[in-house]
Each structure stands twice: as structure tokens, then as C-alpha cells.
Amino acid sequence: MMNTARADHEMYDAVVVGAGYSGLAMLHHLREIGLSTLVVDGADGIGGTWWSNRYPGVRTDSAYDSYAFTFSTEVRDEWDWTERYPRGEEIRAYLEFVADRLDLRRDIRLSTRVERAEHSDATNLWTLSLADGSRLQATYLVSATGLLSRPVYPDIPGIDSFAGPAYHSARWPHEGVDLTGKRVGMIGVGASGIQMLPELAGQAAHVTVFQRTPNYVVESTSPAVTPTELAWLRENYDAVFERAAQHPFGVPMDFPAHSALDVDADERRKVFESRWRSGGFHFAMECFTDVMTSPEASEYASEFIRSKIRETVTDPGTAQALCPTTYTFMGKRPPTGHGFYDAFNRENVELVDVLATPITQVTPRGVVVDGVEHELDVLVLATGFDAMTGALTAIDVVGREGITLRERWERDGLRTYLGISVHGFPNFFMSLGPQTPLSNLPVPVQLGAQWLQRTITFARDNDVDQLEATRAAEEWWRTETDRAARATVMYTEGLKAGAWFLGGNVPGKRAEMAVYLGGGQVYQGRCREAEAEGYAGLRPA
Ligand code: N01
């Protein structure tokens, strides 16, 4: 039923928080069914995570062909991709193009931060309080706040005393930083630090990398997209998207046929070698069926990558320190490198292993490890994010019981239905919420917006005033998420590695699986079942 309450504040059918991939897809799809929809974002521009992440070397880890929306023929036909793994600048330009081509900007309000959103059963409306003191009201509240958008800063004594500039990877100055002649220290070797290092090393006088847990980096290259490839993609966008939607991790790749345990050592090496040459996620996804499920297969993949590190990095001590040994491959989300290991052969790059001997202090002059002060001009914090929940719990989203999402999850642990809805929070929907698949993200973003479009249409056609996860549906999804996680090494090894998808990178955060690892295609099947069942899981009796 459309909302007919009298407006004390600006009134919409739907307010979407966040103007990245998710927010743009939501706006387009909710508008299509006639909802008055407003997107708000605290940033000054469109792009979400791609607006804020300006660090040198930022680019996609997924190839251009599946990092795109396919629902608009205009966008498909008119946008030219230039390289296989587009740089951040190109993705930002793409999203701006999408916003212009689909005429989205008139319903996007930037520099608009939501501090609180509270639901009232009496009016069946959400009231949003904005940082400038004004308010909005809406029937539907949709979060599109990004799963990796709230930075984590390391709690190191003296960190605020550093005299030079310090930048978190996700808060890199938009105008860039001139590092010429500078001594740079970089803390963190996750996907962000790994992409950044070769570029920092190319500019700075010296780069000191402070590495705590080494990573298994899948190296790659990014050739130019040829006119023939682009023309082929335009003809085949739907098929590519469908292939990605059928893949557990949302990439248009074939699922391998054999177990790593079914072949001999020579054959195993050949398969690893060929997919290593394909680069990036091809190595993670295409070698064997069980690299993510069998500890033995995962260790074979780990040892292959260690052998590549030893082949590439000429100093044996540095190579050894770069080899992970405390967990196996897939214990962290695999990061893609563009010359990460090669960078350690440069004269101006130094690795400081802070696993056994942690950083004790940051001083105005630099970083102290084992009594040695490493003098620096610039400090780079590639220290990650409060993932999956951080951006959501930073806003006071207040549901029926008068408690916030933050309080609900602190009290009961993570509870969602399909990562979309939470009991006690009527007509609140999440794009890429906790317990959605770990995936190449544009795929679940697009499918999620289309699902919500059909779901709200159903509600309006059937006079359903409130959609909200039942407790039973939440418990079912929690059990499914746990069952799926425990079948993978990402759970067992992720706990050892302190992986962000288990909350292990945020001191004090509850250790629970925050992503669904049962496969994107299985997840989409569950969403379709929910629809076929008339949304029983979203309609408390
Ligand atoms: O963050 P991370 P990220 N002392 O959490 C270290 C996505 N992403 O921003 O492992 C020393 O992975 C920490 O060490 P440890 C992608 O999904 C995507 O790099 O805790 N070190 C770790 O090395 C990715 O997985 C893309 O021991 C400290 C690092 O900081 C996710 O974002 C690009 C420390 C944090 O690594 C997160 O990646 C970039 C301390 N006190 C990111 N505190 C693309 O697809 C933290 N660390 C393009």
C-alpha cells in the first residue's frame, strides 16, 4: 500500500543510504515500479567505495566483463572498458556514466549523512535524522552502505604522535600525494596494501613494509581490452552475467572438474601453473574442486604459491618472511597482485616482519620495532575495515523494540534473513548485508535490486504493509550460514588468519561468519524460493 500519511518532513516511498553500485541499482529498480526514491550519501560524489578508495594502484580484482550492470542496454552499448582489471578512476567514471545515462542524479543527494533512522509502528514510517539537523521520512529504508567501508585504524601506542602525514588506504586524499623523495612506511598487506606497494615503490625514495600476517597473493596482469573483446561482450553481456550468477563466487568462470587429491604431483603442478598464468582469481577458482573445502588441497595450493614467492623474491630471508605458514590458502580472501612480490626486489623496498616482533610504538619520527626506530616521512595505514556490519552499526538504525541494529546483533549475534532483512526492523532491507555471499559484487547487487523490486511489488499488490524477517527465518539462515562456512577451509583457516569475514581483524568483535559461503548460485536459489513461497520468511504472523 502506498504511504498516504501527512508529511511533516520530506516524504518518500523509499530512501536508500549509499550511492555506490548498490545505491544506483536500487534507485533505478525502485523507480521502475513507481516508488518515489531518494538516495543519500555522506560523500561529495557518486561511487561509494570507489569514491573513497583513491590509493595509488586501486583497481578491480574482478575482470571488467562481470564488474558491470547488465540491466541497461544503453549502458552496455555505450560504455567502453579499457583494461581487464579497470583502475579506480575508470570505475568511478563508469558509475558516473551510469548515473547520467539512467538519469539518476536528480534523486541523489550527496554530502548528506544519516545519523539515525527510527521506525514507528504507529505511522509505519522510517524517520531519518540527517547530520545537518533535517529529517526525511520513508516507508522503505534500504541500506546500500557497502560491506567494506568503515576503516579500521590500528591501536598502536603513539600512532597519533606521528609528525608527518598519515593516510588510511580508504581515506587517501583525492588530489593525490606527492611521494617523490619521501620515506614511506606502510602497515598492512591485505588487498589494499598489496595493490599499493608497487605504485608507492615507483614514486617514493624508500618504502618500509610492516607485515604482520603474510598473504597468499595471486599475481595478475591487466592487458588492454581490444575492440573485438568489447564487441563480443556487447553481444554476450547476458550470457556472461548468467555464467557469473551460476558461479559460487559470482565470476564468469567454469567450475573445475577434479579434486586436487585425484591427480599426481606432476599433474597438480601443471594445473596450478596454467591457472597461475591465467592470473588473479583464475588461480583461486579454476584449479581444483576442493581448494576451498579440503585442508590438504588448500595446503597444496599454499605450497605452490610459496614456491612462486621463493622463485620471484631474490633475497631468501625476505622470501621466507613473505611465505604464509600459520594458515593455508583461502583462509583470507585472496588478494590480487600486480607486481607485489617483484616489488621486494627493488633496492628501495624493505620488509619488516612484525609477526613475531610486533610494532611497539609510533613516534613523531617513525615506527619502532624491536627497539629499532624506522624513520619515515609518510605513514600509510592499509589496515582494513570493520567489514559487513561496521557501516550499518555506525548509524543508529532503531527498530520496533527501540533497540538499534548494533544492540540487536551485540545481544543475539548476527541475525538476518538472507542478509536482507532483520526481525524487529520492518520494511528495512539491506544490499550486501551480513550473511550475503562472498562474491564478485555487481552480480548480487544487481540481482538483489531486482529481487527487492519484485518483493515490494508483491507487498503493494497484496496490501502487505510490513515486510520483516521472522525469527524462525533468521534462525534458519544463521544455521545455513554456519553450516556452509564449516564446510570450507575459509572458516577453520580464517579463524587462524584473523580474516575480516570472521571479524578477526577488529579487536573485541564477535568471531562469527559474516558472509554466506554456500555459493552465490545457491543463495540466489534461496531468494527465488522465498519469492515462490509468498515471502513467508518476511511476514511475521
Ligand atoms: O584490509 P585487510 P584491506 N600491525 O583487512 C594489517 C577488499 N578490497 O583493505 O592480517 C600490523 O585485508 C593486517 O595484518 P593481520 C577485499 O575484499 C578489494 O587490504 O591482521 N599490521 C592486514 O595485513 C579485501 O579482502 C579490493 O595480521 C596490522 C592489513 O592490515 C578487503 O577489502 C581492493 C595492524 C589489513 O588487511 C580488505 O582489504 C582492496 C597492526 N596493528 C580491498 N592492524 C579490490 O577488489 C592491521 N594490520 C580491488
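One-based numbering, in listed order, for ligands and for the atoms of each.
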task = Might you point out which heavy atoms bring Pro214 and Leu322 nearest each other, and give the distance in Å?
result = CB-O, 3.4 Å
query = Partners of Ser278 by side chain to side chain donor-acceptor pair (under 3.5 Å), sequence neighbours excluded?
reply = none
key: Pairing residues for Thr389 by the side chain to side chain donor-acceptor pair (under 3.5 Å) criterion, not counting sequence neighbours   = Lys509
query = Between Glu242 and Gln246, does any side-chain donor sit less than 3.5 Å from a side-chain acceptor?
reply = yes
inquiry  = Closer than 3.5 angstrom, by distance alone: can the side chain of Tyr523 be matched with the main-chain N or O of Leu418 as a donor-acceptor pair?
reply    = yes
For ligand 1, list all ligand N or O to protein N or O distances below 3.5 Å, rounded to 0.1 Å.
from: ligand 1; atom 1: 9 (O); to: Ser192; atom 2: OG; distance (Å): 2.7
from: ligand 1; atom 1: 10 (O); to: Thr213; atom 2: OG1; distance (Å): 3.4
from: ligand 1; atom 1: 10 (O); to: Lys332; atom 2: NZ; distance (Å): 2.7
from: ligand 1; atom 1: 17 (O); to: Arg333; atom 2: NE; distance (Å): 3.1
from: ligand 1; atom 1: 19 (O); to: Ala191; atom 2: N; distance (Å): 2.9
from: ligand 1; atom 1: 19 (O); to: Ser192; atom 2: N; distance (Å): 2.8
from: ligand 1; atom 1: 19 (O); to: Ser192; atom 2: OG; distance (Å): 3.4
from: ligand 1; atom 1: 20 (O); to: Arg212; atom 2: NH2; distance (Å): 2.8
from: ligand 1; atom 1: 23 (O); to: Val189; atom 2: N; distance (Å): 2.9
from: ligand 1; atom 1: 25 (O); to: Trp500; atom 2: NE1; distance (Å): 2.7
from: ligand 1; atom 1: 27 (O); to: Arg212; atom 2: NE; distance (Å): 2.8
from: ligand 1; atom 1: 27 (O); to: Thr213; atom 2: N; distance (Å): 3.3
from: ligand 1; atom 1: 27 (O); to: Thr213; atom 2: OG1; distance (Å): 2.5
from: ligand 1; atom 1: 30 (O); to: Ala382; atom 2: O; distance (Å): 3.3
from: ligand 1; atom 1: 45 (O); to: Arg333; atom 2: NH2; distance (Å): 3.2

key: Non-neighbouring partners of Trp409 that pass ring-ring contact (aromatic ring centres under 6.0 Å, His included), sequence neighbours left out   = none
